[in-house]
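The block underneath contains the structure these notes are about, expressed in structure tokens.
Computed over heavy atoms, backbone and side chain alike; hydrogens, waters and symmetry mates excluded.
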Amino acid sequence: MLELLPAPPADPLWDLTAEYAADPRPERLDLVLGVYRDHTGVTPVMAAVKEAELRLAERSGSKEYLGLSGNTAFNRAMLTTVLGTEALTARATAVQTVAGTGALRLLADLVRQTRPGTTVWISDPAYVNHRPILEGAGLSVRTFRWLDPTGLLEDLREAGRGDVVLLQGCCHNPTGADPSPETWEELAGLAATNGWVPFVDLAYHGLGDGLDADLWPTRMLAERLPEVLIAVSCSKNFGLYSDRTGCAVVVGSSARALRHVETALQNAARTLYSMPPDHGAAVVATVLEDERLKALWLAELDAMRHRITANRTDLVAHLGALGHEEAASALGRQKGMFSMLPLTPEGMLRMRRRSGIYGTTAGRINIAGVSAHRIPFLARGIADALRAPAATETV
């Protein structure tokens, strides 16, 4: 049987990470994986998380199964945090998932159960795992332009009743470019008129313009439309990467409309992984249910956001000083952990070979993964890669 298995495609991000690890140059930079790093280059455990873990360790008396919906206190806290008002939380249900990836897959399975053959629209460019998750659930995928607001709306006018449109709620991965508030409102109007359902991927809220500002598009869609699907990750804004903590949220027109949703999500989870791990969810619930810990978490989240913004501002200034004002201007309009460089795949390869700076082939770098004192080195590497290759150079 195993001899019949065709060679599967390698994961491009982890392949680049392995290439970085094998690179002997001490000055090399790993800007591939989407993890926040502090000024020392370390992905820290947040102080609020550490204190919550200490509390849990002191009171923990059992590792008993929680049930298919996971940690119910976490689910309630997620609904309140994401949706904000009792009017919206009353129209929603949630189940804990294995991070944001698990939420995306469970909600994709829900779509397939509800309407087999549904078309899901994703942005172009898109997060690298969106298409595989959706197609793995048996759904058809189409794309819409992301970086051109006019093209975005033109493309989504073709999305029809019953289609699903996957939108990243803030800090778009990989581009760092988000729609304006006016474009978000046009999207809500288009969904209401044409009858398609928004599917919001929330992975970076709090790291763009602040928590409430980053959640505004999702809350606005939930207020104006009868149905919204939301996949929530706690990996980035709680630093719980390896604890795989997330939540699948469904907003319906009424409690009656939701009567079978939680059971359907539970059944999908049962076939995939039975139930999610509790530790990360218990940490998040502990933080959000305690006013002091929540305030500490929000302050830490703001500090992370300010450092990311400062990195981007500094990179823009250095690129401009090196004579690349157009590239600098484009980077300055982006937000969140990621920036999309104006480099071709060949340019990204040149940057790896010449400078030891690793980003994705498509041009994405993790601006949150570089220490402030390395920004000048990064700017010089980008500027060098922007120059045309020498006639004798091969890539």
Side-chain angles (χ1 to χ4, degrees), residues 48 52 66-97 99-100 102-104 106-107 110-111 114 164 166-170 184-185 187-188 191-192 197-206 210-235 237-238 240 245-266 268-269 275-276 278 280-291 293-295 297-298 301:
L66 292 177
L68 298 177
S69 288
N71 187 312
T72 56
F74 166 79
N75 293 335
R76 289 193 301 269
M78 283 291 96
L79 286 178
T80 300
T81 300
V82 170
L83 298 176
T85 66
E86 290 186 11
L88 286 178
T89 58
R91 289 176 46 213
T93 190
V95 301
Q96 184 197 339
T97 60
L104 287 166
L106 283 195
L107 291 169
L110 179 69
V111 170
T114 305
V164 172
L166 182 51
L167 299 161
Q168 294 187 47
C170 64
W184 276 114
E185 291 183 337
L187 286 169
V197 177
F199 184 170
V200 182
D201 184 2
L202 274 180
Y204 312 103
H205 43 302
L211 188 62
D212 286 331
D214 289 348
L215 288 171
W216 174 81
T218 303
R219 293 170 176 174
M220 182 272 296
L221 292 171
E223 287 171 354
R224 299 189 185 184
L225 298 169
E227 295 179 349
V228 179
L229 311 177
I230 310 169
V232 188
S233 170
C234 297
S235 293
N237 59 8
F238 279 89
L240 295 172
T245 307
C247 189
V249 174
V250 178
V251 180
S253 57
S254 65
R256 181 183 177 187
L258 295 170
R259 67 187 184 275
H260 299 311
V261 169
E262 185 172 353
T263 301
L265 291 172
Q266 289 174 339
M275 62 192 68
D278 182 47
V283 167
V284 172
T286 301
V287 170
L288 294 179
E289 290 176 341
D290 183 282
E291 288 301 321
L293 285 183
K294 182 177 179 181
W297 167 66
L298 289 171
L301 188 60

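At least one side-chain heavy atom of His205 sits under 4.5 Å from a side-chain heavy atom of Val232. At least one side-chain heavy atom of Phe74 sits less than 4.5 Å from a side-chain heavy atom of Cys234. Side-chain atoms of Leu221 and Trp216, non-hydrogen and from C-beta on, never get closer than 4.5 Å to each other. With a 4.5 Å cut-off on side-chain heavy atoms, Leu258 and Val261 count as touching. Looking at heavy atoms from C-beta onward, Pro276 lies out of side-chain contact with Thr97 at the 4.5 angstrom threshold. Contact check for Leu106 versus Val95: side-chain heavy atoms found under the 4.5 Å cut-off. A 4.5 Å side-chain heavy-atom check between Ser235 and Leu240 finds every atom pair outside the cut-off. Side-chain contact between Val82 and Val249 is absent, with no heavy atoms from C-beta onward closer than 4.5 Å.
Taking both residues in full, the closest heavy atoms of Cys247 and Ala103 are given as O-CB, 3.4 Å, listed atom of the first, atom of the second, then distance. Nearest heavy-atom pair across Gly169 and Pro217 is O-CG, 3.8 Å. Residue Ala231 comes nearest to Leu107 through the heavy atom pair N-CD1, 3.9 Å, listed as atom of the first residue, atom of the second, then distance. Nearest heavy-atom pair, Pro226 versus Arg91, reported as atom, atom and distance to 0.1 Å: O-NH2, 3.4 Å. Heavy-atom minimum distance, Ala188 versus Arg224: CB-CD, 4.3 Å. Residues Leu79 and Ala92 approach most closely at CD2-CB, 3.8 Å, considering heavy atoms.
Asp214 contributes no side-chain N or O that, together with a main-chain N or O of Cys170, makes up a donor-acceptor pair within less than 3.5 Å. Thr89 places a side-chain N or O within donor-acceptor distance of the main-chain N or O of Glu86, the cut-off being under 3.5 Å. In this structure a side-chain-to-backbone donor-acceptor pair under 3.5 Å is missing from Trp184 to Thr218.
Taking CG of Leu88 as the start and CD of Glu223 as the end, the distance is 5.0 Å to the nearest 0.5 Å. Taken from CH2 in Trp297 to CG in Asn237, the straight-line distance is 5.0 Å, to the nearest 0.5 Å. Separation of atoms CD1 (Ile230) and CG (Leu167) is listed at 11.5 Å; rounding is to 0.5 Å. Note that CE of Met275 and CG of Asn71 are 12.5 Å apart. Values are rounded to the nearest 0.5 Å.
Side-chain contact, Ser69 with Glu262: a donor N or O sits under 3.5 Å from an acceptor N or O.
Electrostatic pairing of Lys294 and Glu289 does not count as a salt bridge here, judged by no charged N lying under 4.0 Å from a carboxylate O.
For the side chain to side chain contact (heavy atoms under 4.5 Å, CB included) criterion with Asp290, the lone passing option out of Val287, Leu288, Leu293 is Leu293.
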Run the side chain to side chain contact (heavy atoms under 4.5 Å, CB included) check on Leu229 and Val111 step by step: do they pass? CA-CA 9 Å; Leu229 311 177; Val111 170; 3.6 Å; yes
Evaluate Leu215 against Leu202 for side chain to side chain contact (heavy atoms under 4.5 Å, CB included), listing each step before the verdict. CA-CA 8 Å; Leu215 288 171; Leu202 274 180; 3.7 Å; yes
Derivation and outcome, side chain to side chain contact (heavy atoms under 4.5 Å, CB included), residues Leu166 and Asp201: CA-CA 7 Å; Leu166 182 51; Asp201 184 2; 4.2 Å; yes
Take Glu227 and Val250 through the side chain to side chain contact (heavy atoms under 4.5 Å, CB included) test and state the conclusion after the steps. CA-CA 7 Å; Glu227 295 179 349; Val250 178; over 6 Å; no
